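What you see is a predicted model; the values in this text were computed from it and never measured.
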Amino acid sequence: MKLKLFKSQNSPRRGTIIVLSAVLLVVLLGFVALTVDVGFIQMTRTQLQSAADAGALAGATELSGSADAATVRTNVKNAVVATGLLHRNGDQNALTINPNTDITFGKIYYPPGSSTYSILWGDAQSPYSVVKVRAQRSAGSGGDNRLPLFIAPVIGNSKAEVWAEAIATFQPRDIMVVLDFSGSMNDDSCFGRIGTLGRTYIENNLQTMWTQLGSPIYGNLTFTPKYATLIGRTASGTIPHVQVTYKRTSVSVTSTLAMTQVRFEYSDGSTQNLAASGTSGSFSASSGKTISKCWVKAGTNASLSSGNYGEQFSFTSANIKTALGLNGAYPYPGGSWDDYISQVQSSSGQIKDAGYRDMYGYMTWINYLQYFQYGYDDTPDLWKTSEQPVGVLKDSVDVFVDYIKSVEANDKIGLSIYTHTNSAGAILEHALSTNLDQIKTTTRQRQAGHYKSGTNISAGMKTARLEMTANARPNAFKMMVLMTDGLPNEPGTDSQAAAAVITEANAAAAAKIKILTVCVGAGADTSLLTQVATITGGTSYVVPGGSSIDTVRTQLQDVFRQIAASRPLKLISGN
């Protein structure tokens, strides 16, 4: 019996499967390589994006409108590169950014009437308001820095170019500036500050203020205060011409003929006779009494008064005014020459404490204006003068606004001033606007106690808050700059006024408005203003008292410059 052998029909399939398996293995290996390397590339790209974001933000902090363009570029590049060194990417522990090719400068431009920006790129677009950073792994003139892959080289791709880019700029700000124009804002240019700032500074500043008013001339006043001299009748034969300079507890007398007696009548009605000789002399009252009348006997003038005492001089305010030549119209709506003379004669107050009681001149008059007639309705020219510390405040606001203008970052500023005579207790001088120069102009044209002498801080804050909640832009960073040199004393009692400030701080915090407070001088309630800043997440700045006005100016300008430069940053997309 024969056996019949048959061929297996599966033999060809076995060969096909082996071939197919090999092909699929290669494909699968490709997918594995792709998965591993794509993941590695994506991880590196994410790391590069983090580095680019951080570098752009770091560079944006160095953008400045006040420094020259070359300095800004150097500072920005250094900040970006230093930040890059802190970031790992792919197979490297630190990132290298080429400062010459990977960092680009530009300026954001807002077409008139538009809230949509464009970016003008290039080193020529100074002052810069935007910086672009490119973090990359690529092949360039600096060498091949492409990202090495793990498995992809098997299929012919050994390295990959990976990059990320970020653009950072300033977030536009809506800023309400809230300023204290209470009566105390001229204290540093009054006699009361002689003990703190020195007589030379105060008196020189008073002379500067008189000059700034146009060096006006009234009567026979001079700048340096002098005692009033009453002029007697014209000489006639044996009747002399006599002049008496009144110093309250003494007099100085000159006569064209020899004197024989000087007689005093005091404010209490008592009298005293003093022997005299010669044509001049000084005569003092008994026990420092106040002299109200004086008689001078010389030549044959004894018959000029009852009792044969000689020529009489009465030291009334009216006679003093005549002696000073001040019988003409007073130059301003508030005050009068009579009131000025009364204040100079006062037995207490700044003029007396400064050693100028009964001494008349532009120095004591300027002090009178600041202390008694400080409001705009009283003396509408005082804003033109260097009242202090309001003068250095105006200078600092100029610095603040000029810095913001120089950066050109679409900030808006409004102005609220307290205290005011209206029911609100403050006034919105300017709504939020990109017309920044009007803030400088209005601030410059206000004076200490411009509207009212009180310190209604909460009213100024509320006025600013209401403007911001009504008109601030949705995408803007909302900020309030609150400045004062004193304690809140309105509305109500001091404690009620302070409580109202805290209430307003909480309202601002609820409206997401950050408040930066500026305390000027020893009189400011630094504790209260620090609390206000803390409640809103802001910062409190202190310009201490007891310093020279030049020091205060430097410190206050530095504070306002810091505030202007401390800008919130954000990442944006370019176009």
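For the side-chain hydrogen bond (donor to acceptor under 3.5 Å, both in side chains) test, residues two or more places apart in sequence or in another chain that qualify with S184 are S182, D485. Take E62 and apply the salt bridge (charged side-chain N to carboxylate O under 4.0 Å, His left out) test, not counting sequence neighbours, and it matches no residue. Applying the side-chain hydrogen bond (donor to acceptor under 3.5 Å, both in side chains) rule to K440 yields the partners D402; only residues at least two apart in sequence or on another chain are considered. Applying the salt bridge (charged side-chain N to carboxylate O under 4.0 Å, His left out) test to R446 and every residue at least two apart in sequence or in another chain returns E429. Judged as a side-chain hydrogen bond (donor to acceptor under 3.5 Å, both in side chains), and not counting sequence neighbours, N75 has no contacts. Taking the salt bridge (charged side-chain N to carboxylate O under 4.0 Å, His left out) definition, one finds that D188 meets it with R193, sequence neighbours left out. By the salt bridge (charged side-chain N to carboxylate O under 4.0 Å, His left out) test, K107 is found to be paired with E408, residues two or more places apart in sequence or in another chain being considered.
Salt bridge annotation for D411-R567: present, with a cationic side-chain nitrogen under 4.0 angstrom from a carboxylate oxygen. Salt bridge R134/D102: absent, no basic N to carboxylate O contact under 4.0 Å.
Applying the ring pair (Phe, Tyr, Trp, His ring centres under 6.0 Å) rule to pairs touching residues 165-197 yields F191-Y356, sequence neighbours excluded. Within the structure, the ring pair (Phe, Tyr, Trp, His ring centres under 6.0 Å) test picks out the following pairs touching residues 447-476 (sequence neighbours left out): Y376-H450, H420-Y451. Within the structure, ring pair (Phe, Tyr, Trp, His ring centres under 6.0 Å) contacts touching residues 528-560 (residues at least two apart or in different chains) are F400-F560. Pairs of residues two or more places apart, or lying in two chains, that qualify as side chain to side chain donor-acceptor pair (under 3.5 Å) and include a residue from residues 510-529 are T517-S540.
Donor-acceptor pairing under 3.5 Å is recorded for the side chains of S458 and N456. Side-chain polar atoms of D381 and Y332 form a donor-acceptor pair below 3.5 angstrom. Donor-acceptor pairing under 3.5 Å is recorded for the side chains of T551 and S548. One side chain, N367 or Q350, offers a donor N or O that lies under 3.5 Å from an acceptor on the other. Side chains of S50 and H87: no donor on one and acceptor on the other come within 3.5 Å.
Annotation for E467 and L432: closest pair OE2-N, 3.0 Å, computed over non-hydrogen atoms. The heavy-atom pair separating E504 from R465 by the smallest distance is OE1-NE, 2.8 Å.
Between D174 and the choices R473, K478, K412, the salt bridge (charged side-chain N to carboxylate O under 4.0 Å, His left out) rule is met once, by R473.
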Please report, to 0.1 Å, the donor-acceptor pairs under 3.5 Å made by any side chain of residues 492-503, with sequence neighbours excluded.
| unit_1 | atom_1 | unit_2 | atom_2 | d |
| --- | --- | --- | --- | --- |
| T493 | OG1 | S495 | OG | 3.1 |
| T493 | OG1 | Q496 | N | 3.2 |
| T493 | OG1 | Q496 | OE1 | 3.4 |
| Q496 | OE1 | T493 | N | 2.8 |
| T503 | OG1 | A499 | O | 3.1 |

